[in-house]
2 protein chains.
Amino acid sequence: MTVTLADVAKRARVGTGTVSRVLNGARNVSQSTRDRVQACILEMGYRPNLVARGLAASRTGMVCALIPAIGAPQHGEVIQGLGDVLHEHGIQVMIGDCGYQPDREEAIVADFLERRPDAFYLTGVVHNAKTRHMLRASGIPIVEGANLTDDPIDCVVGYSNHDAARALTLLMHKRGHRAMAFVASTSEHNDRIGDRLKGYYAACAELGWDSRHLVLENANSFSGGAAAVERVLRHPSQIDLLLCATDVLAVGAIFECQRRGIDVPGRLAIAGFDDLPLAAAINPGLTTVSVDRIAMGRVAGHMLLQRLSGRQGAHAKIDVGFTIRERASTCAGPEA
Amino acid sequence: MTVTLADVAKRARVGTGTVSRVLNGARNVSQSTRDRVQACILEMGYRPNLVARGLAASRTGMVCALIPAIGAPQHGEVIQGLGDVLHEHGIQVMIGDCGYQPDREEAIVADFLERRPDAFYLTGVVHNAKTRHMLRASGIPIVEGANLTDDPIDCVVGYSNHDAARALTLLMHKRGHRAMAFVASTSEHNDRIGDRLKGYYAACAELGWDSRHLVLENANSFSGGAAAVERVLRHPSQIDLLLCATDVLAVGAIFECQRRGIDVPGRLAIAGFDDLPLAAAINPGLTTVSVDRIAMGRVAGHMLLQRLSGRQGAHAKIDVGFTIRERASTCAGPEA
DNA sequence: CTGTTAGCGCCTTCAC
DNA sequence: GTGAAGGCGCTAACAG
């Protein structure tokens with residue numbers, strides 16, 4: 001029924017090995033036979049069976065990527081960059097959605113490993129012991145992304161969520177904001193959010209705000225951001241800036257302020273994190289932290305390719321940095 | 001190095017066939033040997049190699065899904081529903097991003113087919129001839145989604161984008177809107193958008209608006225929606241409703257109105273399509289067309305499972321319907 | 001119920 | 001440069 005490599009070999013009057021060589025671009029094949037074989041391939045409409053190739057070569061040409069939520073544009077961008085680079089090398093990306101749940105992540109890793117991927121990409125740098133163990137034991141290259149750590153499973157590419165939050169907090173202080181509240185999203189298992197909060201704490205400590213920091217925690221949704229506004233307005237001390245752990249929370253907060261007729265940033269300034277397209281579009285524009293996620297994905301792809309090509313060592317940790325985008329949702333500073 | 005099925009068999013003192021049976025839950029294995037084998041599997045930490053299984057059984061337990069843009073939450077929801085159903089049956093989903101480009105779709109389909117997936121999910125119902133041919137020739141179940149057609153490759157699950165746009169237009173007319181403009185997104189190769197426009201035309205025809213329909217075309221982005229507002233305001237006839245082909249366009253339009261101090265819906269009403277979370281959060285709430293995409297994905301999954309289990313026939317076309325969500329961005333009607 | 005035997009389609013030595 | 005042969009790890013008859 002379906003035409004196999006052996007069929008091609010027969011038609012071209014060569015051994016299967018030769019066809020295989022042509023297929024994989026080995027140099028030691030004479031031009032004439034190469035041409036003949038390739039003609040047959042075309043004529044017969046032969047398509048290699050990558051499952052068989054994977055078994056024989058123990059290289060499947062597949063890389064697994066785990067993200068916490070498919071449909072979240074941030075992670076989509078990373079995957080896009082990753083895929084762009086890998087596709088050029090004939091590698092396909094298989095995506096897993098672990099929904100911010102470590103045990104789901106573990107299950108997916110276990111499942112995916114049975115498919116013998118050539119490498120793995122994980123979002124975040126915190127994974128449970130079993131997951132780390134399985135991955136290490138598999139012996140394939142692993143890259144963790146979207147944050148930084150000094151103790152990666154294998155290698156890591158991202159930016160310091162901690163430092164970004166700290167820098168944003170300090171900048172807002174410089175701009176004149178004095179009474180801040182931090183709005184975290186409920187996510188015990190999201191290291192990026194956790195580090196952003198820690199970065200906020202660090203900045204507070206540096207500023208000498210050693211007493212009760214106001215920290216709220218809400219679902220990472222527009223209504224979660226709205227709820228934060230309500231809480232803050234009822235707070236005894238007059239909060240003048242809402243530092244939201246995500247743009248979604250921040251946008252929800254801005255919407256709520258619009259509804260209540262609260263001036264942003266006049267009465268309450270709002271900052272976010274992620275620089276989604278929405279951040280630039282909304283009124284007022286949202287001050288936020290920006291990262292080139294596509295580039296991050298591309299770097300991840302290159303790291304994997306390098307590891308796959310044998311060259312160990314090299315960079316095991318790459319910081320792609322971040323940028324703070326100041327927009328109208330926060331004050332331009334005392335001098336402005 | 002890695003433990004294989006043969007290793008387990010040796011340790012359990014049974015044939016490889018028996019281990020295979022235990023693995024695949026065949027009934028004809030005595031409880032005692034089953035227990036013994038399973039003990040060995042645990043002790044040795046055996047994990048089956050799905051690549052080898054795929055080759056031997058010519059079932060890979062993989063389904064490929066093509067979406068036009070990873071990171072677009074709409075498609076993420078569909079994939080989520082699809083994955084939920086398939087995972088329960090040990091099937092993994094491999095996602096491809098074809099970026100609204102037919103030739104990229106064709107290339108991805110060709111690549112993916114070499115991995116011998118058990119089935120395929122495609123977004124949309126329009127694909128080029130080569131793609132359709134390859135898919136048909138592969139002989140595996142195919143389901144197309146997110147729209148409807150009478151000529152599916154195999155089967156289709158979705159809703160009529162045409163009818164939804166038509167219904168929305170007619171409803172808006174009923175609500176008192178008389179001078180509409182349709183804002184399409186630039187996408188020659190997006191059948192959903194195309195059908196929405198046709199549905200608008202159909203409604204216009206029914207309403208006797210046979211003369212010059214105002215139709216704009218902009219990039220599917222917030223700024224595209226903003227640009228549409230500018231165009232409409234300069235239009236000689238006073239447009240009172242912007243029918244946007246997507247929520248993103250509509251939200252961009254609302255933002256632009258906010259900037260210009262234009263009352264929505266008083267001066268200009270705005271409606272969208274997709275019912276993103278943003279539609280309910282924004283001020284005013286966005287009137288839009290809603291579809292249960294997760295459910296749609298689940299239905300797609302069930303269709304595939306049914307096809308895979310041999311039972312042909314059954315439903316080859318399932319309409320999951322749509323709902324119009326009226327919110328404050330359009331008028332409540334003459335009676336309100 | 002269970003062991004044995006062929007492959008699945010391809011890659012990869014190893015001789016020629 | 002090229003053919004032949006031996007697996008890769010597993011499933012699926014087929015005997016017993």
Side-chain angles (χ1 to χ4, degrees), chain A residues 1-38 40-41 44-62 90 111 113-118 138-140, chain B residues 1-38 40-41 44-62 90 111 113-118 138-140:
Chain A
M1 166 68 213
T2 87
V3 32
T4 75
L5 180 146
D7 299 330
V8 175
K10 202 175 300 172
R11 178 89 119 79
R13 298 178 173 187
V14 298
T16 60
T18 302
V19 178
S20 178
R21 277 168 215 134
V22 172
L23 244 37
N24 297 293
R27 342 189 43 71
N28 50 347
V29 180
S30 76
Q31 192 58 45
S32 58
T33 54
R34 178 185 300 281
D35 289 345
R36 187 152 36 90
V37 169
Q38 242 147 12
C40 290
I41 288 178
M44 309 178 74
Y46 167 70
R47 307 253 59 185
N49 180 331
L50 297 194
V51 179
R53 173 179 295 175
L55 180 58
S58 50
R59 270 188 314 94
T60 52
M62 258 179 34
D111 283 359
L113 281 175
E114 296 186 345
R115 296 199 181 277
R116 302 298 188 267
D118 294 341
S138 74
I140 61 178
Chain B
M1 166 70 211
T2 88
V3 31
T4 75
L5 180 146
D7 299 330
V8 175
K10 201 176 300 173
R11 177 89 120 76
R13 299 180 171 186
V14 298
T16 60
T18 302
V19 178
S20 177
R21 278 169 215 132
V22 172
L23 244 37
N24 296 294
R27 344 189 42 71
N28 50 347
V29 180
S30 76
Q31 192 58 46
S32 58
T33 54
R34 177 185 300 280
D35 290 345
R36 188 151 37 89
V37 169
Q38 240 145 14
C40 290
I41 288 178
M44 308 178 75
Y46 168 71
R47 306 251 62 183
N49 180 331
L50 297 195
V51 179
R53 174 178 295 174
L55 180 58
S58 51
R59 272 186 311 96
T60 53
M62 258 179 35
D111 283 359
L113 281 175
E114 295 187 346
R115 298 201 181 276
R116 302 296 187 267
D118 294 340
S138 75
I140 61 179

*Compare every heavy atom of B:Val8 with every heavy atom of B:Met44, then report the nearest pair and how far apart it is.*
SD-CA, 3.8 Å
*asked:* Working to the nearest 0.5 angstrom, can you tell me the gap between B:Thr2 OG1 and B:Arg47 CZ?
replied: 12.0 Å
_I need the minimum non-hydrogen distance between A:Pro48 and B:Arg116, along with the two atoms involved._
O-NH1, 3.8 Å
*asked:* Within the 4.0 Å heavy-atom criterion, would you say B:Arg34 contacts the bases, only the backbone, or no part of the nucleic acid?
replied: nothing
_Minimum heavy-atom separation for A:Ala52 and B:Leu55, please, with both atom names._
CB-CD1, 3.7 Å
_B:Ala57 vs B:Gly15, nearer the 5' end of DNA chain C by closest nucleotide_ = B:Gly15
*Check each residue of residues 45-53 of chain A for a non-hydrogen atom within less than 4.0 Å of any atom in DNA chain D, then write out the ones that pass by number, or none.*
none
*Using atom types as modelled and distance alone, determine if a side-chain donor or acceptor of B:Arg36 lies under 3.5 Å from a backbone N or O of B:Ala12.*
yes
*asked:* Within the 4.0 Å heavy-atom criterion, would you say B:Arg116 contacts the bases, only the backbone, or no part of the nucleic acid?
replied: nothing
*Minimum heavy-atom separation for B:Arg115 to A:Thr60, with atom names?*
NH1-O, 2.8 Å
*Nearest 0.5 Å, what's the CZ-OG1 distance between A:Arg21 and A:Thr33?*
9.5 Å
*For A:Leu5 against A:Leu23, the heavy-atom pair lying closest together*: CD1-CD2, 3.9 Å
*asked:* Would the distance check show the side chain of A:Asp7 and the main-chain N or O of A:Thr4 forming a donor-acceptor pair, the cut-off being under 3.5 Å?
replied: yes
*Shortest non-hydrogen contact from B:Ser138 to B:Leu113?*
CB-CD2, 3.8 Å
*Shoot me the first and last contacting nucleotide of DNA chain D against chain A, ordered 5' to 3', at under 4.0 angstrom to non-hydrogen atoms.*
D:dG1 to D:dG9
*Quick one: label A:Thr33 by what it contacts on the DNA or RNA (base, sugar-phosphate, nothing), any heavy atom closer than 4.0 Å.*
sugar-phosphate
*How would you label the contact of A:Leu55 with the nucleic acid (heavy atoms, under 4.0 Å): base, sugar-phosphate, or nothing?*
base
*What nucleic acid atoms does A:Ser58 come within less than 4.0 Å of, heavy atoms only: base, sugar-phosphate, or nothing?*
nothing
_Positional range of nucleotides in DNA chain C within the contact set of chain B, heavy-atom, under 4.0 Å_ = C:dC1 to C:dG9
